Amino acid sequence: MLRVLVDSGSSIKFAEQEKLNVEIIPLRYLMGEIEYRDGLDETIDEFYQLLIGQKIFPQTSLPQLDELQSKVASYAEAGDDVIIITISSKISGTYNAICKLFEGEEKVHVVDSLSAVGGLRLIVEEINRNRDLPIEQILQKVQAIIPKIRVIAIPETLEYLFRGGRLSRKEWLFGSILNLKPLITITDGQVKVASKKIGLRLAMRECADMLKRWNCDVNYPIVPSYTYNVENLVKLIEVTDEQYRPAMIEYDNLCPVIACHWGPNAFGFIFVSED
């Protein structure tokens, strides 16, 4: 049997586990002095009440590794193959920690997505399409799709990415002046400013154009994502070429552990490029 686990940085919700044939490893975050397990200990609405209402800047941390080790060890001992997919090793220590945890375990395969949120969802979908193949071929399929996954998003502010250590001071300063709206990508696993536009309208147009510029493959889902407020995502879709809309799945209100770094009112697309 094949077991697939993803960390909660995938923004896959616990209610989706059965549908996607996946198990979620909850990352953790700290709001003030209280620690929460992502997706389990409070709802998304409760999280935003603290983030916005009390203006608490959160910190994120690794999952409970002892619990993960016990669960995965039981699967491996039963003869199951286990694939564990993590958010990019360049923005989180989760991948390296889990690699060390299962070093030398032949039945456990830890995958660095070099992505986040919907990027992991797209990898899970690729695994589900190929579950009948031998594990080696499934892993080849996964490694083939990873370089093609694109994340493009517009945050309301760069403050959260900067304070969370996901963006350099230079990029933060440059993107925070002159009413510039930055377009953020995850490139080679790292958070980067891909472009900057004056005003939200031009930034939306640029984001929409990225689907064509990066040769979006509509044979795969497009994941429209947002944090807290869906209004700007709806406007983005309205200016996006109609050929891409049938591939768009249900909007994803990103999980708290990701919103900790993006802040409220971010929005964008995750998709697979043909290149």
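For clarity, every value in this text was computed on a predicted model and none was experimentally measured.
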Answer yes or no: is there a side-chain heavy-atom contact under 4.5 Å between L27 and T60? no
For residues 140-156, pull every pair meeting side chain to side chain donor-acceptor pair (under 3.5 Å), keeping only residues two or more places apart or in separate chains. E156-N265
Is any side-chain heavy atom of P264 closer than 4.5 Å to a side-chain heavy atom of N229? no
Test: E16 and R121 ion pair at under 4.0 Å: yes
I'd like to know if the side chain of T227 and the backbone of A266 have a donor-acceptor N/O pair within less than 3.5 Å. yes
Listed partners of S88 passing side chain to side chain contact (heavy atoms under 4.5 Å, CB included), at least two apart: K90, I91, D112, L114
Can you tell me if CZ on R129 sees more than 12 non-hydrogen neighbours from other groups inside 6.0 Å? yes
Keeping S225 on the side-chain end and F269 on the backbone end, is there a donor-acceptor pair under 3.5 Å? no
Keeping the roles fixed (side chain from S10, backbone from D7), state whether a donor-acceptor pair exists under 3.5 Å. yes
Got I154 and I184 here, is their nearest side-chain heavy-atom distance under 4.5 Å? no
Please name the residue in the list E125, R131, E126 that meets the side-chain hydrogen bond (donor to acceptor under 3.5 Å, both in side chains) test with N128. R131
Under 4.5 Å between any side-chain heavy atoms of N253 and V230, yes or no? no
Kindly indicate whether the side chain of I237, heavy atoms from C-beta on, has any atom under 4.5 Å from the side chain of P224. yes
Contacts of D217 meeting salt bridge (charged side-chain N to carboxylate O under 4.0 Å, His left out) (sequence neighbours excluded), chain-then-number -> none
Reported CD1-to-CG distance for the pair I258 and D38, which is rounded to 0.5 angstrom: 8.0 Å
Within the structure provided, determine whether L5 and L68 are in side-chain contact (heavy-atom separation under 4.5 Å). yes
Can you tell me if Y220 uses its side chain to pair, donor with acceptor, with the backbone of V272 under 3.5 Å? no
Under the side chain to side chain contact (heavy atoms under 4.5 Å, CB included) criterion, do I34 and L50 qualify, and how do the steps go? CA-CA 11 Å; I34 302 176; L50 292 175; over 6 Å; no
Is the count of non-hydrogen atoms from other residues, nucleotides or ligands lying under 6.0 Å from Q59 atom CD greater than 12? no
For Q243 against P246, the heavy-atom pair lying closest together: O-CD, 3.6 Å
Can the ring centroids of Y244 and F271 be said to lie less than 6.0 angstrom from one another? no
Count the heavy atoms belonging to other residues, nucleotides or ligands that lie under 6.0 Å from OH of Y228, then report whether that count exceeds 12. no
Taking atom CZ of R3 and atom CG of D80, what is their separation to the nearest 0.5 Å? 5.0 Å
According to the interplanar angle, ranging from 0 to 90°, do the rings of Y29 and F47 count as parallel (below 30°), tilted (30 to 60°) or perpendicular (above 60°)? perpendicular
From CA spacing to verdict: salt bridge (Lys or Arg N to Asp or Glu O under 4.0 Å), K181, E206: CA-CA 10 Å; K181 286 294 181 183; E206 178 81 354; over 6 Å; no
More than 12 non-hydrogen atoms from neighbouring residues, nucleotides or ligands closer than 6.0 Å to CG on D188, yes or no? no
Does any non-hydrogen side-chain atom of P26 lie less than 4.5 Å from one of F14? yes
